[in-house]
2 protein chains.
Amino acid sequence: MKRDSRLSSVLHALLHMAERGEPMTSETLAACMCTNPVVVRRTMGLLRDAGLVASARGPSGGWQIVADLNAVTLRDLYDALGEPTVFAIGNRHEAPQCLVEQAVNAALDDAFAEAEALLLDRLGKITLARLSADFNRRYAAHRTRT
Amino acid sequence: MKRDSRLSSVLHALLHMAERGEPMTSETLAACMCTNPVVVRRTMGLLRDAGLVASARGPSGGWQIVADLNAVTLRDLYDALGEPTVFAIGNRHEAPQCLVEQAVNAALDDAFAEAEALLLDRLGKITLARLSADFNRRYAAHRTRT
DNA sequence: GTTTCATGTAACTTCAAATATTACGAATTA
DNA sequence: TAATTCGTAATATTTGAAGTTACATGAAAC
């Protein structure tokens, strides 16, 4: 299976944008994430629909954060991306006739639902501001070392 | 992404085997799970390697549970399957140079690790015996209704 | 107002991982 | 020895994410 890395990607992009302060083109963002401008536009487009970033066309255009870094959590990003499937493990059939399979599914669904709830709760507690601060700590430490 | 449904599959198979009491061929199991005998053999083979089931060749051969249903948890099955990847969401790069991406990955890794730990803990608390009992409750209820 | 730059998006291709299939060898029972 | 069943290699299919190509649309700069 190929894992969905969009959450990781948009976070990477957003922190770079936060550092920069001025609009960044999808080309620039794609370069710093080793991907393709179209992929960036597609993904950032979802964040724009959610009101988190703004895009502008033409010269001096590009992408910019419009939300308050203290107010945006990773959960918000997850939601903006369309609440992608969390687990790579799932039931064989979703609504089986077989009573055995129903019992199996019920047990698995419970456990996975609990884990998903915990994950989303954790994501809801991490703000972009905190990640940005974390990055700046790492940056300072890095400059000290070298 | 295509989700891994082997945990669901082997559970389904094991409960059928528990009900039956005598060996079941991979062909029979495949039929009741709408899949292929070879797939069954491959997957059940992992459980055999873990000492949970036994296989016998030739006429009157097939698959049988050899473990105590009270002692086997879903976590044991997960382990027997080789601890498959839990999440369909992941980091873009695993060991990035970029400090921004390192900060992002660290935050995500934490949240996902917590959720995974909770999931495995839950799986470790569900025994095959409990699932079997759950099935029998459903079966009784079903017979009452019809 | 024309040129240039950048997004918007449809259509298609590639890639990775699970699952399915075919084929045949090896072991076991009757 | 014939029938049955597992063991397993090799290959194909399927699914969904990611990447690519192509071109239309809109905005700024001159």
Side-chain angles (χ1 to χ4, degrees), chain A residues 1-10 12-13 17 20 22-49 53-64 66 78 81-94, chain B residues 1-10 12-13 17 20 22-49 53-64 66 78 81-94:
Chain A
M1 164 223 309
K2 204 169 205 174
R3 298 170 91 188
D4 182 338
S5 62
R6 290 178 302 162
L7 183 56
S8 165
S9 291
V10 297
H12 188 178
M17 288 158 71
R20 181 74 72 95
E22 59 187 6
M24 295 179 74
T25 68
S26 13
E27 189 128 20
T28 310
L29 288 170
C32 88
M33 301 162 70
C34 299
T35 181
N36 190 291
V38 177
V39 173
V40 171
R41 291 202 282 272
R42 262 205 301 254
T43 314
M44 297 299 289
L46 296 172
L47 301 195
R48 181 196 49 222
D49 296 345
V53 302
S55 60
R57 305 188 191 199
S60 82
W63 299 88
Q64 224 170 354
V66 294
Y78 171 80
L81 292 175
E83 309 183 357
T85 304
V86 170
F87 296 106
I89 295 177
N91 294 328
R92 183 151 233 296
H93 305 111
E94 271 323 312
Chain B
M1 159 220 306
K2 202 170 204 174
R3 299 170 90 188
D4 182 338
S5 61
R6 290 177 303 161
L7 183 54
S8 165
S9 290
V10 296
H12 188 178
M17 287 157 70
R20 180 73 73 95
E22 58 186 8
M24 294 178 74
T25 67
S26 9
E27 189 127 19
T28 309
L29 288 170
C32 87
M33 301 161 71
C34 298
T35 181
N36 191 290
V38 177
V39 173
V40 172
R41 291 202 282 271
R42 261 203 304 254
T43 314
M44 297 299 288
L46 296 171
L47 302 196
R48 181 195 48 221
D49 296 346
V53 301
S55 61
R57 303 188 190 197
S60 81
W63 300 89
Q64 226 171 352
V66 295
Y78 170 82
L81 292 174
E83 309 183 358
T85 305
V86 169
F87 295 107
I89 296 177
N91 294 328
R92 185 154 230 298
H93 305 111
E94 269 325 312

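All heavy atoms count here, side chains included; hydrogens, waters and symmetry mates do not. Just so it is clear: chains get the letters A, B, ... in the order the sequence lines come, proteins before strands, and each one is counted from 1.
Atom P of nucleotide C:dT7 and atom CZ of A:R48 are separated by 10 Å, given to the nearest angstrom. Put simply, CD on B:E27 is 16 Å from P on D:dA3, counting in whole angstrom units. D:dC6 atom P lies 12 Å from atom CD of B:Q64, rounded to whole Å. Here D:dT8 presents its C1' atom at 17 Å from CE of B:M44, a figure rounded to the nearest Å. Atom CG in A:L29 sits roughly 17 Å away from atom C1' in D:dA18 (whole-Å rounding). Rounded to an integer number of Å, the gap from NE2 of B:H93 to C1' of D:dA18 is 12 Å. The distance from atom CG of B:D4 to atom C1' of D:dT14 is 15 Å, rounded to the nearest whole Å. Between the C1' atom of D:dG26 and the CH2 atom of A:W63 lies a distance of 14 Å, rounded to the nearest Å.
The residue among B:S5 and A:A56 whose nearest nucleotide of DNA chain C is located toward the 5' end is A:A56. Summary of the strand contacts: A:R57 and A:N36 both lie near DNA chain D, and taking for each the nucleotide with the nearest heavy atom, the more 5' one is attributed to A:N36. The 5' end of DNA chain D is approached more closely, in terms of each residue's nearest nucleotide, by B:T25 than by the other of A:S60 and B:T25.
For the pair B:R3 and D:dA17, the criterion of a side-chain N or O lying under 4.0 Å from OP1 or OP2 is not met. Considering only side-chain N and O atoms, B:S55 lies nowhere under 4.0 angstrom from the phosphate OP1 or OP2 of D:dC6. A sub-4.0 Å separation between OP1 or OP2 of C:dG8 and a side-chain N or O of A:R41 is absent. Side-chain N/O atoms of B:R92 include one lying less than 4.0 angstrom from OP1 or OP2 on D:dG19.
Remark: the B:R42 side chain and the C:dA20 base include a donor-acceptor N/O pair separated by less than 3.5 Å. Contact of B:K2 with D:dT14 (side chain to base): a donor-acceptor pair of N or O atoms is detected under 3.5 Å.
Here the NE2 atom belonging to A:H12 is positioned 11.5 Å from the CG atom belonging to B:N91, to the nearest 0.5 angstrom. Interatomic distance, OG of A:S9 versus CE of A:M44, reported as 10.5 Å (0.5 Å rounding).
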Assess the residue pair A:T35 and B:R92 against the criterion (side-chain contact (heavy atoms from CB on, under 4.5 Å)); give the C-alpha distance rounded to whole Å, side-chain angles, the decisive distance to 0.1 Å, and a yes or no.
CA-CA 10 Å; A:T35 181; B:R92 185 154 230 298; 3.5 Å; yes
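Within 4.0 Å of B:G45, counting heavy atoms only, lies no atom of the nucleic acid at all.
The shortest distance between side-chain heavy atoms of A:T25 and A:W63 does not fall below 4.5 Å.
Side-chain N/O atoms of A:S55 and A:R48 include a donor and acceptor closer than 3.5 Å.
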